[in-house]
Number of protein chains: 2
Amino acid sequence: MPETASSAERVDWIAVDWGTSNLRAWAMADDRAVATVSAPTGMGGLERHQFEPALLAATEPWLSAERPIDVVACGMVGARQGWQEVPYLAVPTQPVVASAMQQVSTSDPRLTVRIVHGLSQMDPADVMRGEETQIAGLLGLEQGFTGMVCLPGTHSKWARVEAGEVQSFRTFMTGELFALLAKQSVLRHSMGEDGTLHDTVFDNAVRVAAETPADLTALLFGIRASGLVADADNEDARSRLSGLLIGAELAAMQQEWSGGDVVLIGADQLAERYLRALHALGGTARMVDAQACTLAGLVAARHQLLEAR
Amino acid sequence: MPETASSAERVDWIAVDWGTSNLRAWAMADDRAVATVSAPTGMGGLERHQFEPALLAATEPWLSAERPIDVVACGMVGARQGWQEVPYLAVPTQPVVASAMQQVSTSDPRLTVRIVHGLSQMDPADVMRGEETQIAGLLGLEQGFTGMVCLPGTHSKWARVEAGEVQSFRTFMTGELFALLAKQSVLRHSMGEDGTLHDTVFDNAVRVAAETPADLTALLFGIRASGLVADADNEDARSRLSGLLIGAELAAMQQEWSGGDVVLIGADQLAERYLRALHALGGTARMVDAQACTLAGLVAARHQLLEAR
């Protein structure tokens, strides 16, 4: 059963954040969420014909037989393996653009579903899907924002935002590498289960990776070697792995974050770790709530759709 | 059934290269191999009590009831998860040292088995097991060798050899990262099966990684992005992944290989790839046959044991 909060209030439209692992939907009265639901029916586990039923299952209480309700969805639902592939929009561009969103055909007459596009960059080649909506949300929450936006995650994104547009961006495999190395590489012998990280070890690893980022793949093996020759414990190993990967990412982006306003949008714990890493290198950033950005971005997308009508 | 070549010649002792995946043994008349056998009974698939039966199964035709035959084994057989843990010897040191080898207890009276130690380094923490024997072999084949030895593989090693000793060494996770990223990361969607690499794409990737090694984890994601926005094909993706990882490794070791004599010891195809990458960066190296080094190293270990008696 999905976690649901229903509402007696009028529901004007439905906002949906549909990622690889989860779906989150909000019942919206104008720009305000009046109820929310989340379900584990992420895009990663669905065949193409299962998307509409999954959406109906999650949002049923908010639907009405009287008129079709608008649904605006962002995230991996629009990927090639998703409900319907919605092409990327090339930067520089506003983060969300009505004309690039796509309506997907549905059989239930109570729904009209539109999916937000992703963003792409040709040189260097890069893509994002879902983060563009969070950036649009940041611009909704902080109009006129100019600076770097860092969105940590499985694939961390750094986007330069200026004049209401995403000018360029860069993706790092930091989160995915962490998971692969911790669980499936030789380093797994030195790792504990998920747990707290050791701050001093983490900070030192961030600095070492930032000083000699070229040594990354040797520094990684050093985690295993330290477990064998210096009896480093599991918490140490986990903290070093996290610090080395985030430190290498920050080293690559140093010019971008050392200059000015940096906003971190991400899950609390991970965003805090990036903030800590930035501090270890003499930088800083502001954290903005990720879910608030997503919702504000879907609101911005909805406004665009209304204006384009 | 193991692949065997038996011999009517006298067998003085048995040399064994016992890695994670395979076992290779040679029947030796003095310093000369007169027969060889290989079997898929690597250390990775054996419980502790299965090592002796596996060795007997492979070498049975060479054993004699008249007197116990000496066996000298190197590789992961001496690891913590192997037959018996043989402690690492700290560098600087001769690559193989009789007093650090260990006899393992066996129940069959026809065998006396000794396992070669690995090498360790405290700062930066590092370990090797198996490669020390190949380095000893190189010193047996080329007496007085001074220079860098590169041993590509799952965990590539670079060792500085001088005055008959391993002075220091460094390990890179290059091979393991390649396998994890090609088979288990988001990049797998862009990869073909094992196959030929595209030389120009490989060379370019080596150069890009060597110029901006700090960007490695972003360059890796770029492989996926190129598949999505620029229709790069599977062979391109595989070639870039290989080039980026080897290029980053070479960037970290540039001071070491740009100076002087570099010897590459490894499986032919992989060693050739490293040679190609070195050429792309204006360096060079000599290739020495890996199996010849292993065998010569086991011969050197055997000589040490005889002298120590």
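By convention in this document, chain letters (A, B, ...) are assigned in the order of the sequence lines, proteins followed by strands, and residues within each chain are numbered from 1. Basis for what follows: all heavy atoms, side chains included, without hydrogens, waters or symmetry-related copies.
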Answer key: most heavy-atom pairs under 4.5 Å with chain A among B:P124, B:A230, B:S185 is B:S185

Per-residue contacts, residues 166-183 of chain A versus chain B, heavy atoms under 4.5 Å | A:R170, A:T171, A:F172, A:M173, A:T174, A:E176, A:L177, A:L180, A:L181

If you check every heavy atom in residues 205-227 of chain A against those of chain B, which residues fall under 4.5 Å?
-> A:P213, A:A214, A:D215, A:L216, A:T217, A:A218, A:L219, A:L220, A:F221, A:G222, A:R224, A:A225, A:S226

Most contact-rich option vs chain B, by heavy-atom pairs under 4.5 angstrom, among A:V229, A:L245, A:L187, A:T154, is A:V229

Residue part contacting chain B, namely of A:Q81, when any heavy atom lies under 4.5 Å = side chain

